[in-house]
Trainee: 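I have a structure here, written as structure tokens, and I will follow up with some questions on it.
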Amino acid sequence: MGPFRRGLILWLLWPTAALAEACATVRPGWDGTPMTALAEAVFLAGTVPVLILFLATAAALRFRSQWGGLAVVVLWTGLITVLSMVDPSGLQAAARAQGCVGSPALFIGIVAAICVATILYTAPLKQRPD
């Protein structure tokens, strides 16, 4: 690969106004510091759908409801799927390249642990043989 192509690729990947526009659209209050995985997890945990799912999970665990636990695990799975796979406009990828959106890997791991704990806690109890 020659220097011309290398320079062209760097020029195409260089942050531009379009990337800055992506950050202004996705995170309007971004202060310019790169988002870490922990900061992204805290940001995602504060969204309304996640808070509703936290409450629904707590209710399923409180009442030890198998069907409620299954429902919240399916809803968590749908949320994570939308969060990580649906990006029709490409703004998330541009914002991640700019640094205003961090990796959701930590948040996904925490949600996976919540789902496993929910399934294990709401599983039917074994009956002791008489």
Trainee: Any link between L53 and L44 through a network of hydrophobic side chains (Ile, Leu, Val, Met, Phe, Trp, Tyr) touching at under 4.5 Å?
Mentor: yes

Trainee: Out of curiosity, L61 CG to I114 CD1, how far, rounded to the nearest 0.5 Å?
Mentor: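 One gets 9.5 Å once the value is rounded to the nearest 0.5 Å.
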
Trainee: Taking all heavy atoms of Q66 and all of A123, pick out the closest pair and write down the distance.
Mentor: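 Smallest heavy-atom distance, with atoms named: NE2-C, 4.1 Å.
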
Trainee: Less than 4.5 Å apart, side chain to side chain, heavy atoms only: is that true for R96 and C23?
Mentor: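 They are not in contact (no side-chain heavy atoms under 4.5 Å apart), so the answer is no.
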
Trainee: Applying ring pair (Phe, Tyr, Trp, His ring centres under 6.0 Å), name anything that partners W30, two or more places apart in sequence or on another chain.
Mentor: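 Scan of W30 (ring pair (Phe, Tyr, Trp, His ring centres under 6.0 Å), adjacent residues dropped) gives none.
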
Trainee: What about L79 and F54, same hydrophobic cluster or not, with Ile/Leu/Val/Met/Phe/Trp/Tyr joined at side-chain heavy-atom distances under 4.5 Å?
Mentor: yes

Trainee: Are S65 and T122 packed together at the side-chain level, in the sense that at least one heavy-atom pair is separated by less than 4.5 angstrom?
Mentor: no

Trainee: With heavy-atom distances below 4.5 Å as the criterion, would you say the side chains of L106 and E40 are in contact?
Mentor: no

Trainee: Would you mind reporting whether V116 and I119 have side-chain heavy atoms less than 4.5 Å apart?
Mentor: no

Trainee: Assigning hydrophobic clusters by single linkage (Ile, Leu, Val, Met, Phe, Trp, Tyr; side-chain heavy-atom cutoff under 4.5 Å), is V50 placed with L38?
Mentor: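 V50 and L38: one cluster.
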
Trainee: Is a side-chain donor or acceptor of R27 paired with a backbone partner of C100 at a separation under 3.5 angstrom?
Mentor: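 Checked: pair present.
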
Trainee: State yes or no: do L51 and I108 share one hydrophobic cluster built from I, L, V, M, F, W and Y residues joined by side-chain heavy-atom distances below 4.5 Å, directly or via other members?
Mentor: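 Same hydrophobic cluster.
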
Trainee: Determine the minimum heavy-atom distance between T118 and G69, stating which atoms define it.
Mentor: CG2-CA, 3.7 Å

Trainee: Keeping to residues at least two apart or across chains, list the side-chain hydrogen bond (donor to acceptor under 3.5 Å, both in side chains) pairs with something in residues 74-89.
Mentor: T57-W76

Trainee: Closest heavy-atom contact between A60 and G68?
Mentor: CB-C, 3.7 Å

Trainee: Does L83 belong to the same Ile/Leu/Val/Met/Phe/Trp/Tyr cluster as I52, with side-chain heavy atoms less than 4.5 Å apart forming each link?
Mentor: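 No, separate clusters.
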
Trainee: To the nearest 0.5 Å, what is the distance between CZ on F107 and OG1 on T47?
Mentor: 6.0 Å

Trainee: Got a second to check how far C115's SG is from I80's CD1, nearest 0.5 Å?
Mentor: 8.0 Å

Trainee: Quick check: closest heavy atoms across V101 and Q92, and the distance to 0.1 Å?
Mentor: CG1-OE1, 3.7 Å

